[in-house]
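Data block below; observations after.
As a basis for the values below, the full set of heavy atoms in this structure was taken, side chains included, without hydrogen atoms, waters or symmetry mates. One-based numbering along the sequence shown.
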Amino acid sequence: MLKYFCLVLSVSVLAGCSGTDESSLPPLHDIRFLPGGLRLEWAREFALAELGIRDSRGHLLVRWPVGGVSLRSQQVVLNWQEDEEYEVWATDARGRSTSTMARAPHRRERFLLSFQVPTGREITEGDDSPIQIPFGADFDATILVENLSRHLTVFSLQLECSPGIERRTLDAPAAEPPSRPESPTRPQEPSPVVTRFEGSLEVNLERWHRQIKFRIPEGAAALQALRVIGRICSSGQTPIEVRREARILPVPLSRLREGVALGDVLLPADERGRPDPRRRPDTLTLPDPVSRALRRLLQIPDPVIDYYSPAAYQAIPVTNRSSDTLSVLVSSEVRAPGGSRPIAALSPPEDRSASGRAAAVLADLRPGETASVILPVHVNPVLALPGCYVRRLEVRPLGMDSVMALKELPLEVRTPDFRAFLVSLVAAVVTAVVSLAALVLHRQLFRQFSVRALVLIALFGSTAFAVINLPSTLLFSLVYAVLGPFAFLVTGLLDQLVFSLLLVTLVILVPRPGTVGLALALRQLLAAVVFGNFYLPTLLFTGTTIGFLEAALWLSGATRSPRRIDRYPAAPVRTALAVGLALGIGHALAALVHYQLQIALYRFYLADWYIGLSVAVHGFLYSFLGAVWGLRFGWQLRKISTS
């Protein structure tokens with residue numbers, strides 16, 4: 001039965017370690033032939049290690065070692081031929097590969113006319129889906145002409161703007177609207193405002209662009225239009241007329257805000273948005289002033305500060321609830337509580353920040369998609385001050401000033417915990433004192449014990465390992481899977497209450513200084529040999545536990561004078577209180593040292609209330625109850641052994 005249980009447990013552990021990694025590579029979702037290459041888009045993000053392209057004859061045209069970079073889309077430079085078939089293959093970091101065939105278009109475009117509006121979506125021919133822009137919002141429209149041939153390209157553009165859209169800036173003269181004859185039966189409809197642009201592009205990939213700012217006034221009509229009509233002619237070719245029209249739908253800002261939602265923001269995280277459980281949430285830690293003072297005392301130069309390296313990252317889930325693809329700008333800035341300006345010491349460098357000293361990144365969201373946007377958090381360790389601040393997160397449509405989503409979250413900037421440093425220093429001192437005393441006084445220590453007492457101490461130490469360490473190691477993962485961080489409420493009944501019962505029983509049978517230390521050392525030595533549980537925190541924790549318990553039991557009189565134990569039948573309450581309080585306080589101090597060592601050595605932070613609860617229940621209460629029951633059990637065992 002035991003081997004089946006171990007088999008099931010092993011399979012569960014291996015399944016949990018496997019994570020959510022898919023068993024195969026994602027297929028290529030889209031392949032676009034651009035003027036200078038290909039744009040590849042996969043169905044999901046994966047770690048791309050190598051990318052290659054072959055033609056129909058099997059000749060290798062591109063072989064690009066990417067190096068395991070996690071991505072979803074990639075652009076490749078390639079001089080492709082018209083109506084040629086190509087094979088695109090990719091390999092991930094685990095050696096798995098996939099390939100897809102794609103045929104190039106029959107005709108290569110000689111020019112490109114691009115018309116973009118704030119959503120980030122490029123307006124194509126026949127695109128009649130409306131673009132929602134809130135009343136009173138300013139937005140930008142960009143016209144781009146690119147020469148894709150090696151000859152001279154001449155173009156003439158006409159931008160028509162509906163009268164319901166206000167033009168804020170203009171870098172070309174506006175033409176007068178065409179005159180229309182007045183009609184006696186119906187009023188004359190307002191004509192669109194027309195702006196004309198002309199130019200020429202002489203070399204390949206030369207670009208011309210204009211960006212114009214518009215505004216949707218309050219009370220605008222239900223549907224407006226921005227239209228671009230271009231006549232473009234390459235050298236020796238017939239002029240081609242191209243039309244692009246953006247249909248603008250003015251809506252209330254509240255309707256636009258319903259399409260975007262911000263999830264639970266994670267800080268701190270790494271550059272891929274994975275959480276860091278060793279650090280406090282919503283907290284940044286400044287460099288340790290103690291180490292800085294020690295470096296100055298020892299005349300060691302301070303490390304070079306990289307102001308461009310983020311102190312941490314924050315993962316911001318953004319959900320697109322609308323039925324259209326959105327291109328948004330997600331930004332974050334740190335302010336003082338109630339302040340209106342960002343704090344320079346907690347902002348990115350000026351040459352790497354958006355307007356207003358904010359960290360920002362662009363995100364393309366498909367309908368119904370939730371994307372995790374990763375933003376850096378910068379800290380100037382020289383100018384930053386500890387305190388509580390506010391992170392202001394904003395989501396804006398690309399090219400607009402209107403805020404679609406807003407969230408303010410706390411940010412605590414603190415210095416390293418001196419309490420953990422001091423407690424760790426005390427633990428090191430206590431461990432050094434206990435180790436030095438064991439080396440110097442080991443002969444006197446063993447002389448006070450008879451062979452029978454030493455055998456009894458060894459028996460109890462090995463019993464504690466067999467009864468406590470082995471079952472707790474096997475069952476802790478199962479209990480933790482059910483109760484999570486509160487598993488100590490159950491496991492403490494075994495590794496603390498039962499251990500205290502055995503320890504007090506041993507003290508009643510062998511009431512001498514050093515009894516507890518020898519039993520604890522033997523138990524820890526067996527655990528180190530069997531489980532390999534031997535490292536610096538274990539050594540410090542064992543040393544401080546021996547020191548605290550030996551001192552507490554000696555002060556209570558349990559190991560200082562055998563008469564105190566002999567008084568138990570006459571004064572059971574007083575003796576139980578003395579021994580129980582001594583053992584409970586000793587274990588509580590040892591538990592506190594254990595948590596502070598984790599904080600100081602591994603930056604494993606826990607809430608203060610959780611540490612207090614664990615110290616009070618697991619350290620003190622269970623030890624006190626185990627000591628009370630151990631007195632009764634040990635006294636009965638003593639009477640049996642003496643009789």
Side-chain angles (χ1 to χ4, degrees), residues 72-73 114-123 131-144 168-169 209 211-216 246 248-267 269 271 273 310 313-335 340-342 346-378 390-409 411:
R72 186 172 179 176
S73 62
S114 174
F115 184 41
Q116 295 183 356
V117 286
T119 59
R121 186 184 71 216
E122 182 178 350
I123 305 301
I131 301 172
Q132 299 181 2
I133 298 180
F135 292 107
D138 295 337
F139 67 95
D140 297 328
T142 303
I143 307 174
L144 171 67
R168 308 290 286 180
T169 59
H209 75 278
Q211 187 174 23
I212 307 173
K213 185 177 289 292
F214 297 92
R215 186 176 189 273
I216 299 295
I248 309 299
L249 179 62
V251 295
L253 182 59
S254 58
R255 179 177 174 181
L256 197 62
R257 288 174 175 171
E258 293 176 355
V260 175
L262 289 175
D264 295 332
V265 181
L266 181 64
L267 173 75
E271 62 275 7
Y313 294 87
Q314 53 183 336
I316 309 172
V318 185
T319 303
N320 180 12
R321 298 176 178 175
S322 66
S323 57
D324 298 326
T325 300
L326 294 180
S327 294
V328 296
L329 181 70
V330 184
S331 62
S332 172
E333 62 182 21
V334 180
R335 301 180 179 180
S340 59
R341 300 181 61 184
L346 301 175
S347 300
E350 293 185 1
D351 56 345
R352 291 196 178 184
S353 63
S355 59
R357 301 300 298 272
V361 67
L362 295 174
D364 293 328
L365 304 176
R366 297 174 180 173
E369 180 184 12
T370 299
S372 182
V373 178
I374 312 300
L375 281 180
V377 180
H378 292 264
V390 177
R391 283 178 293 149
R392 182 181 175 89
L393 307 178
E394 295 181 350
V395 179
R396 303 172 184 267
L398 183 62
M400 285 193 292
D401 297 330
S402 302
V403 178
M404 300 175 64
L406 172 65
K407 179 176 285 191
E408 292 187 350
L409 298 172
L411 175 64

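- A heavy-atom distance below 4.5 Å is not found between the side chains of L249 and I131.
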Stepwise side-chain contact (heavy atoms from CB on, under 4.5 Å) check, Q314 with L393:
CA-CA 11 Å; Q314 53 183 336; L393 307 178; 4.0 Å; yes

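- Around CZ of R321, the count of heavy atoms belonging to other residues, nucleotides or ligands within 6.0 Å does not exceed 12.
- By the side chain to side chain contact (heavy atoms under 4.5 Å, CB included) test, T370 pairs with P317, T319, sequence neighbours left out.
- The shortest distance between side-chain heavy atoms of V390 and V334 does not fall below 4.5 Å.
- Not counting sequence neighbours, the partners of E408 by the salt bridge (charged side-chain N to carboxylate O under 4.0 Å, His left out) test are R392.
- With rounding to the nearest 0.5 Å, the separation of OG in S347 from CD in E333 is 7.5 Å.
- Side chains of L362 and V328 form no contact here, defined as non-hydrogen atoms less than 4.5 Å apart.
- In this structure, CD1 on I248 lies 9.0 Å from CZ on F214, to the nearest 0.5 angstrom.
- With a 4.5 Å cut-off on side-chain heavy atoms, V318 and V260 count as touching.
- Side-chain atoms of R391 and V265, non-hydrogen and from C-beta on, do get closer than 4.5 Å to each other.
- Looking only at side-chain heavy atoms (C-beta outward), M404 and P397 come within less than 4.5 Å of each other.
- Taking CZ of F135 as the reference point, atom CZ of R215 lies at 11.5 Å (rounded to 0.5 Å).
- If you take OG1 on T142 and CD on Q211, they are separated by 4.0 Å, rounding to the nearest 0.5 Å.
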In sequence, state the C-alpha distance, the side-chain angles, and the governing distance for V403 and V395, and then conclude on side-chain contact (heavy atoms from CB on, under 4.5 Å).
CA-CA 6 Å; V403 178; V395 179; over 6 Å; no

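- For the pair K213 and D138, the salt-bridge criterion is not met [side-chain N within less than 4.0 Å of a carboxylate O].
- By the 4.5 Å heavy-atom criterion applied to side chains, V330 and R396 are not counted as neighbours.
- With a 4.5 Å cut-off on side-chain heavy atoms, P250 and I216 count as touching.
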Please walk me through it: do I133 and V251 pass side-chain contact (heavy atoms from CB on, under 4.5 Å)?
CA-CA 6 Å; I133 298 180; V251 295; over 6 Å; no

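- P134 and P252 make their closest contact through CB-C, 4.4 Å (heavy atoms, listed as atom of the first residue, atom of the second, distance).
- Nearest heavy-atom pair across H209 and L144 is CB-CD1, 3.8 Å.
- Scanning both residues, G263 and K407, for their nearest heavy atoms gives O-NZ, 2.8 Å.
- To the nearest 0.5 angstrom, L267 atom CG is 10.5 Å from L375 atom CG.
- Considering CG of L365 and OG of S322, their distance stands at 8.5 Å, rounded to 0.5 Å.
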